[in-house]
There are 2 protein chains.
Amino acid sequence: MRIGQLARSVGVDTQTIRFYEREGLLPPPERQDNGYRIYTERHVERLAFIRRCRILELSLAEIHELQRYQGAPHQPCRAINTLLDDHIAQVRSQITDLQVLEKQLVSLRASCNDDRDIGACRVLEGLSEESMQQ
Amino acid sequence: MRIGQLARSVGVDTQTIRFYEREGLLPPPERQDNGYRIYTERHVERLAFIRRCRILELSLAEIHELQRYQGAPHQPCRAINTLLDDHIAQVRSQITDLQVLEKQLVSLRASCNDDRDIGACRVLEGLSEESMQQ
DNA sequence: TTAAAACTATATAGCCACTATAAGGTCAAT
DNA sequence: ATTGACCTTATAGTGGCTATATAGTTTTAA
Ligand SMILES: [Zn+2]
Ligand SMILES: [Zn+2]
Ligand SMILES: [Zn+2]
Ligand SMILES: [Zn+2]
């Protein structure tokens, strides 16, 4: 199959496929005489794997690491689970940070209503005050 | 004061200050004969404002917009509050997305322990299965 | 006094994971 | 013969910095 069909069947852009190839995540496929890339079912699976990892927001480096593990099936899988644990920890830390952020924003927003002049807007005041610093 | 002192007093890198100047967030300061930038207290305040906005993860475009509002103090502040409301909505949506992500990751992680061969690792299986797609 | 350290300047590239644009070659159908 | 859909490579842009290279200036210390 050609790149367009692969792209449609997995739901990514053709540019993204070429990008993954350049980044070493997708093996370079055979070429037709005219230079067109020709993909196999293996490529579909490989690309789908990448996409599922990306949905979980694993980085390309992490996906690369997982692919290396796939090539060594007789080693213990501790490293894979460690990778996942680290990623989960990072997602949790992002959530916590954003929750702190949300509180600060809501508190700032609550300091003003919509019926003031900008010159008297407490939101702008809040952003201009030293007290808001951290 | 020169750029280094401004940087230290607000807690940013000198490069960041020059970057903000290029982006139009910080007005170009006077220069000494040798070309060195000379800043005033106004610049300190302006940079501190930017930094406080950045702590709240407002984008440079949003900060630019707020600065424009500061120049028109006799207009109603509705636009400011709308900007903040939009930003809060976006932060909340990020939190929700990350919470969904966390659940998926934890569920995937729970499917395996550390004592398997990579060839039998359920985490890798999960990432390779079509069922995980969405 | 001079050499080193610390500061300043500009310009340019890199980060991440794409996305967009340009400029062109290939192929099937009309 | 031309349209249109597809393919190719190369290059630049996104955001908000951060790092590097190269060079000029000021301050400090031997
Ligand atoms: Zn990760
Ligand atoms: Zn207001
Ligand atoms: Zn925002
Ligand atoms: Zn496992």
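The model shown is predicted, which means the values in this text are computed figures rather than measured ones. Residue numbers start from 1 in every chain, and the chains themselves are labelled A, B, ... in the order their sequence lines are given, proteins ahead of strands.
Every pair passing ring-ring contact (aromatic ring centres under 6.0 Å, His included) that includes a residue from residues 37-59 of chain B is listed here, sequence neighbours excluded: B:Y39-B:H43. Residue pairs that meet the salt bridge (charged side-chain N to carboxylate O under 4.0 Å, His left out) test with at least one member in residues 67-76 of chain B, sequence neighbours left out, do not exist here.
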Using a 3.5 Å cut-off and no angle test, enumerate the donor-acceptor pairs between side-chain atoms of residues 70-80 of chain B and protein atoms at least two apart in sequence or in another chain.
residue, atom, partner, partner atom, Å
B:H74, ND1, A:D117, OD2, 3.3

Considering only distance and modelled atom types, tabulate donor-acceptor pairs under 3.5 Å from the side chains of residues 10-27 of chain A, sequence neighbours left out.
residue, atom, partner, partner atom, Å
A:D13, OD1, A:Q15, N, 2.8
A:E21, OE1, A:R37, NE, 2.8

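More than 12 heavy-atom neighbours from other residues, nucleotides or ligands sit within 6.0 angstrom of CZ on B:R31.
Taking atom CD1 of B:I55 as the reference point, atom P of D:dG16 lies 15 Å away to the nearest angstrom. Regarding B:L58, its CG atom lies at a distance of 14 Å from the C1' atom of D:dG16, rounded to whole Å. Remark: P of D:dG15 and OH of B:Y20 are 14 Å apart, rounded to the nearest angstrom. Following rounding to the nearest Å, B:E23 (CD) and D:dC17 (C1') show an atom-to-atom distance of 10 Å. Distance, B:Q94 CD to D:dG15 C1': 13 Å, rounded to whole Å.
Under the rule for a side chain to side chain donor-acceptor pair (under 3.5 Å), A:R54 has no partner lying at least two apart in sequence or in another chain. With sequence neighbours excluded, the residues that form a side chain to side chain donor-acceptor pair (under 3.5 Å) with B:R92 are A:E102. With sequence neighbours left out, A:E30 forms a side chain to side chain donor-acceptor pair (under 3.5 Å) with no residue at all. Here A:E57 pairs with nothing under the salt bridge (charged side-chain N to carboxylate O under 4.0 Å, His left out) rule; sequence neighbours left out. Taking B:E65 as the reference, B:Y69 meet the side chain to side chain donor-acceptor pair (under 3.5 Å) condition, with sequence neighbours excluded.
Direction change of the helix axis from one end of the helix from C:dT1-D:dA30 to C:dT30-D:dA1 to the other is 30°, with five pairs defining each end axis (rounded to 10°).
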| request: Could you run through nucleotides 1-13 of chain D and give me one letter per nucleotide, 5' to 3': B if any protein heavy atom sits under 4.0 Å from the base, S if only the sugar-phosphate is that close, - if neither? | output: -----BSBB----

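Protein chain A contacts DNA chain C over a range whose 5' and 3' limits, counting nucleotides with an atom under 4.0 angstrom from a non-hydrogen atom, are C:dA17 to C:dC27.
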